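Heads up, the thing below is written out as C-alpha cells.
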Amino acid sequence: MRRYPCGPRPSTLEVAAAVIETLSSLLSNALLAARDAGEIELDSLPEPHLERPRDPSHGDWSSNVAMQSAKEAGLPPRQIAEIVAKRMIGHPDIAGVEVAGPGFINIRLSAHALQRVLREAREAGSDFGSLDIGAGEKVQVEFVSANPVGPMHVGHGRWAALGDSMARVLEHAGYEVEREFYVNDAGVQMDVFGKSVATRYLELCGRDVEFPEDGYRGQYIVEIAREILAEEGESWADTSAEEREAHFTEKAYAQVLEHLKHVLHGMGVDFDVWFSERTLHEPGPDGGPSEVEEAIASLREAGYIFEHEGATWFRSTPFGDDKDRVLKKSDGEYTYFAADIAYHKDKFDRGFDRVIDIWGADHHGYIKRMEAAVAALGHEGKLTVVIGQLVNLFRAGEVVRMSKRTGEMVTFEELLEDVGVDAARYFFLRRSTDQPLDFDIQLAKEQSSENPVYYVQYAHARICAILRKAAGADTADTSVDIEATVADLISDDTPLHLLETDAELSLMRKLAEFEEVVEVAARQLTPFKLTRYAEDLAATFHQFYTLCRVVDPDAPDMTAARLYAADATRIALSTVLSLVGVSAPERM
RNA sequence: GCCCUCUUAGCUCAGUGGAUAGAGCGUCUGCCUCCGGAGCAGAAGGUCGCAGGUUCGAAUCCUGCAGAGGGCGCCA
C-alpha cells in the first residue's frame, strides 16, 4: 500500500499527483476549518497520508488522519472523521466521502476527475506515465557482464531483461540512463579459455593431446576451434604453445564477444558502453600508473590501505565488512576486487550521480566490500547493488536438468529461439527480481489464456481491431493506420462525460494508476511491477469490453467516447509493454 | 561455525504498520443470433512456518526456534 506524504509535489507529476495534492489540501483545510470552528482541539496538524485502499469498495483514496489525531484531540477517531468528511464534500473532483472501519476517511473521485486521465493519455502518447522524478540525474545501470568465455546461460538472459527494463523505466521517470556491460577479459579464466580452445584445435588437427584438467568442456569450445581451423588452417599446430594459446585466446574472445552482442541485440538489449577490465590494468597516458594503481593510491590517501604479510590490504571493516580484503597479492598480482574498485572509481569519475549494478546471486557476499570501497572513495550511498536470482527451467512441469561439469545446458540463445523474445522477456519480469524464477518453456510457448503475455497482447490487438471496425474497415485489415484512424474517430470535443458506468469508471481508474506504477517501479527498481499492472489493465479492459458495446451506429456520441477510452487503453498497454521490452501487436 | 535471503490458497506468487490477506493457474458452475471466446461472470479453497514481544492496530517491525537456498579464498 502506497502512502503519499502531504505537501508540495513536483509540478511535473500530472494526473494522479494533482489529485493527491487536491485531496491532501482538502483534508488539511477541513481539519483547520474544524479547529477554527472549535469542533476539534489540535495543537499540531498531523501530516495527512493518502493511500489506495485494497478494496475498491472503500473508494479511490483513503486517509487515516482521524486515527492519527485521535489521541491529541481526545475524541474517538470516527467522530473526527465525520467532522472532516462533511467539510470535504462539494468539491467537483469528489463524488463522495465516507467514514468507515476504525476511522478511515474514504474518498471517492467523481467521474469528472477520472475522465481527465483519458485526455492525458491521448496528449502524452508514448510518453504516457512519464515523470520527472529523476530530474535528469545521471544513472548508470551495469548488467549481464558475463565472462566472455562462453554462451550466456538463462540467468544472464533474465538479468539482461531486468537491467534493460530497469533502464527503460528510469528513463521514463526522468533519469538520464546509460547501459553498460563490464567485460571480464582479464584474469586466469581467459587463459583457461584460450588453452581449452587451443587444445581442441590440436585435437582437430589430429594431434594427440591431453585436455587440461580445469579446461572448459562445453561443445561450443570445439565449435570455436573448428571455425579457427577452417579460417586459418593447421599452421598454429606447430607454433609454440605460448604463442598459440595467446592467439587463440584473442581469437576466441573476439568471437564470443560478438556472439554476446548479437544475442543481446536480438532481444532488444543494446549497451552504450562495453567496458574492458583489461584497460584498468594498462598503463595510463604517458606510461603513468594504471587505473588500478590509481584507485589504490586514492584509498591509500584516504587512509584505508595497509601492508601485511607481503600483501596490500584494503581496510573495509570500518564500513561494515566482515574482514579486510587483499588488493595486491604477495605474488604481486592484483585481485579481481582491486580491479573492481578501479572500475567503480572510473564510473564515478565519469560523473554518474548513481550507479546500479545487477549481479548474479552468487556474488551476494561481495556487496558489502564493494559498498565499503565506494564509500571509502567518497561516494557513499551512490551505489545500489541489485541481486538477480537464477532461473529454473521447466518443460510441462518437469525440471530441465543441466550439468555444469560437462558443460551441458540450455543456453539463453536456445531458449530465445524456442519461446521468442516477447515471451522470454515477459516471463523474466513476472517475478520479484530477487526471487528465483521457475520458467516453464511449454507455458511460454502456449498461445492461450494461460499465457499472460498473450493475454496482454491480445487486449492490445483487440482494441486495434475495434478501431479498425469503427473506421469501417475489416477488423483484420492490417493495412489500416491505427493512429490516423483514431484521429478521424475522436477529437477534443468527444463527450467523455458519457462515460460513467462502473466498467467505464474502473477502466479510467486503472489508467490513472499507471503513473504511480512507473514511479514505484523506478524508485524501488522493480520492473516486475509493470507486468502485474499490464495484466491488471488488460483484465479491466476485457471487462469493459464485455459490458460496454463500443461501436454502435445508433449512438455516435457514446461510440466516440468509448473509442476514446479504448484508445487511451491502447496507448497505456503499448507504453507499458515497451517498458518491459515486449511488442504490442496490432493483430495476432 | 558465522553472515545474508526466503517460508502467504492444491501450484506459481503479490502484498516493507491499517479495514473481511489478494492475483494467476488448477478444480467446479455458467455466458457466443451481438465490435476478436486468445474473452467474461460466479463458486470452493488460508492457523500468512512455529513461539513470544512492540503497537490502538502486525503477513509486514524486534527476539528465539524449525525448514529451504545462497555466501563465507592473497579465486574470478
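Values in this document were obtained by computation on a predicted structure and should not be read as measured data. All chains are named by letter (A, B, ...) in the order of the sequence lines, taking the proteins before the strands, and each is independently numbered beginning at 1.
Going from the C1' atom of B:C74 to that of B:A14 covers 45 Å, rounded to whole Å. When the C1' atom is compared between B:C72 and B:G24, the two are found 38 Å apart, to the nearest whole Å. Comparing the C1' positions of B:A21 and B:U16 gives an interatomic distance of 15 Å, to the nearest angstrom. Here the separation of B:A51 from B:U12, taken at their C1' atoms, is 29 Å to the nearest Å. B:U47 and B:C56: their C1' atoms are spaced 24 Å apart (whole Å). Spacing of C1' atoms, B:G17 relative to B:G57, comes out at 8 Å, to the nearest Å. Taking the P atom of each, B:U33 and B:A38 are spaced 15 Å apart, rounded to whole Å. As rounded to the nearest Å, B:U60 and B:G15 have C1' atoms that lie 9 Å from one another.
Ring centroid separation for the pair A:F439 and A:F428 comes in under the 6.0 Å cut-off. In this structure, the ring of A:Y343 has its center less than 6.0 angstrom from the ring center of A:F275. Annotation: A:Y455 is not in aromatic contact with A:Y458 [ring centroid separation under 6.0 Å not met].
Put simply, CD on A:E51 is 9 Å from P on B:A19, counting in whole angstrom units. In this structure, the NZ atom of A:K368 is 11 Å from the C1' atom of B:C2, given to the nearest Å. Put simply, CD1 on A:I367 is 13 Å from P on B:G71, counting in whole angstrom units. For A:E333 and B:C74, the CD to C1' distance is 11 Å, given to the nearest whole Å. For the pair A:H363 NE2 and B:G73 C1', the interatomic distance rounds to 14 Å; values are reported in whole Å. One atom, CG of A:D322, and another, C1' of B:C3, lie 6 Å apart when rounded to the nearest Å.
The A:Q524 side chain lies nearest to B:U16 when the options are B:U16, B:C35, B:A76. With B:G71, B:C35, B:A76 as the choices, the nucleotide that has an atom nearest any side-chain atom of A:Y545 turns out to be B:C35. Which of B:G39, B:A19, B:C75 sits closest to the side chain of A:K329 comes down to B:C75. Distances were taken from every side-chain heavy atom of A:R549 (C-beta onward) to each of B:C74, B:G18, B:C35; the shortest belongs to B:C35.
Stacking between A:H364 and B:G70 is absent: the ring centroid is not both under 5.5 Å from the six-membered base ring centre and under 30° in plane angle. B:G36 has no stacking from A:Y458 on its base ring, since the centres under 5.5 angstrom apart and planes within 30 degrees of parallel are not both found.
Across all strands shown, A:C464 has no heavy atoms under 4.0 Å from either base or sugar-phosphate atoms. Residue-level contact check: A:D440 touches neither bases nor backbone, having no heavy atom under 4.0 Å from any strand. Residue contacts shown for A:R325 are absent, as no nucleic acid heavy atom lies under 4.0 Å away. Across all strands shown, A:A311 has heavy atoms under 4.0 Å from base atoms, whether or not it also approaches the sugar-phosphate. Across all strands shown, A:K529 has heavy atoms under 4.0 Å from sugar-phosphate atoms exclusively, and none from any base. Among the atoms of the strands shown, base atoms are found under 4.0 Å from some heavy atom of A:R468. Using a 4.0 Å heavy-atom criterion, one finds that A:A470 contacts no nucleic acid atom at all. Base engagement by A:E586 is indicated by at least one non-hydrogen atom pair under 4.0 Å involving a base atom. At the heavy-atom level, A:N106 lies under 4.0 Å from base atoms of the strands shown.
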Evaluation steps, side-chain hydrogen bond (donor to acceptor under 3.5 Å, both in side chains), between A:S62 and A:E51 = CA-CA 5 Å; A:S62 179; A:E51 60 185 36; 5.0 Å; no
For A:R325 and A:D321, run salt bridge (Lys or Arg N to Asp or Glu O under 4.0 Å): C-alpha distance rounded to whole Å, both residues' side-chain angles, the deciding distance at 0.1 Å, then the answer.
-> CA-CA 9 Å; A:R325 308 288 173 175; A:D321 196 8; 2.9 Å; yes
Can A:E483 and A:R570 be said to form a salt bridge (Lys or Arg N to Asp or Glu O under 4.0 Å), step by step?
-> CA-CA 11 Å; A:E483 299 288 346; A:R570 177 187 66 87; 3.5 Å; yes
Give the intermediate values and the outcome of salt bridge (Lys or Arg N to Asp or Glu O under 4.0 Å) for residues A:R523 and A:E519.
-> CA-CA 6 Å; A:R523 286 197 197 283; A:E519 181 173 344; 3.1 Å; yes
Report the C-alpha separation of A:R431 and A:T531 in whole Å, then their side-chain angles, then the decisive distance to 0.1 Å, and conclude whether the side chain to side chain contact (heavy atoms under 4.5 Å, CB included) test is met.
-> CA-CA 9 Å; A:R431 292 285 170 261; A:T531 52; over 6 Å; no
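Neither OP1 nor OP2 of B:C34 sits under 4.0 Å from any side-chain N or O of A:K469.
For B:C74, the base has a donor-acceptor partner in the side chain of A:S330 [N/O atoms by modelled type, under 3.5 angstrom].
In this structure, B:C72 is classed as anti because its glycosidic torsion departs from zero by more than 90°.
Judged purely by distance below 3.5 Å, without hydrogens or angles, the side chains of A:Q457 and A:D422 pair a donor atom with an acceptor atom. No side-chain donor from either of A:E282 and A:S290 sits under 3.5 Å from a side-chain acceptor of the other. Under the 3.5 Å distance criterion, with hydrogens and angles disregarded, a donor-acceptor pair is assigned to the side chains of A:Y426 and A:E535.
Map A:A461 and A:W313 each onto its nearest nucleotide of RNA chain B; the residue landing nearer the 5' end is A:A461. Each of A:M588 and A:N184 was assigned the nucleotide of RNA chain B with the nearest heavy atom; the assignment lying further toward the 5' end belongs to A:M588.
More than 12 non-hydrogen atoms from other residues, nucleotides or ligands lie less than 6.0 angstrom from CG of A:D474. Counting non-hydrogen atoms of other residues, nucleotides and ligands closer than 6.0 Å to CD of A:E41 gives a total of 12 or fewer.
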Per-nt protein contacts along nucleotides 7-13 of chain B (heavy atom under 4.0 Å; B base, S backbone sugar-phosphate only, - none) come out as -----BS
Any protein N or O atoms within reach of nucleotides 58-61 of chain B? Criterion: under 3.5 Å, listing atom names and distances.
none

Between N or O atoms, less than 3.5 Å apart, protein on one side and nucleotides 40-44 of chain B on the other: list the pairs.
unit_1, atom_1, unit_2, atom_2, d
B:C40, OP1, A:Y455, OH, 2.5
B:C40, O4', A:T546, OG1, 3.3
B:A41, OP1, A:Q543, NE2, 3.0

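The side-chain contact (heavy atoms from CB on, under 4.5 Å) test with A:S506 is passed by exactly one of A:L547, A:L511, A:T540, A:T501: A:T540.
For the pair A:R315 and A:F306, the distance from NZ or CZ to the six-membered ring centre is under 6.0 Å and the angle to the ring normal is within 45 degrees.
Remark: A:E213 engages no residue in a side-chain contact (heavy atoms from CB on, under 4.5 Å) (not counting sequence neighbours).
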List the atom pairs, donor and acceptor, that lie under 3.5 Å between side-chain atoms in residues 143-151 of chain A and the rest of the protein, sequence neighbours left out.
unit_1, atom_1, unit_2, atom_2, d
A:S145, OG, A:E142, OE2, 2.7
A:S145, OG, A:Y182, N, 3.0

Where each pair must be Watson-Crick or G-U wobble with both distances under 3.5 Å, what dot-bracket representation of RNA chain B is obtained, with crossing pairs in [ ] and other-strand partners as |?
-> (((((((..((((....[...)))).(((((.......))))).....(((((..]....))))))))))))....
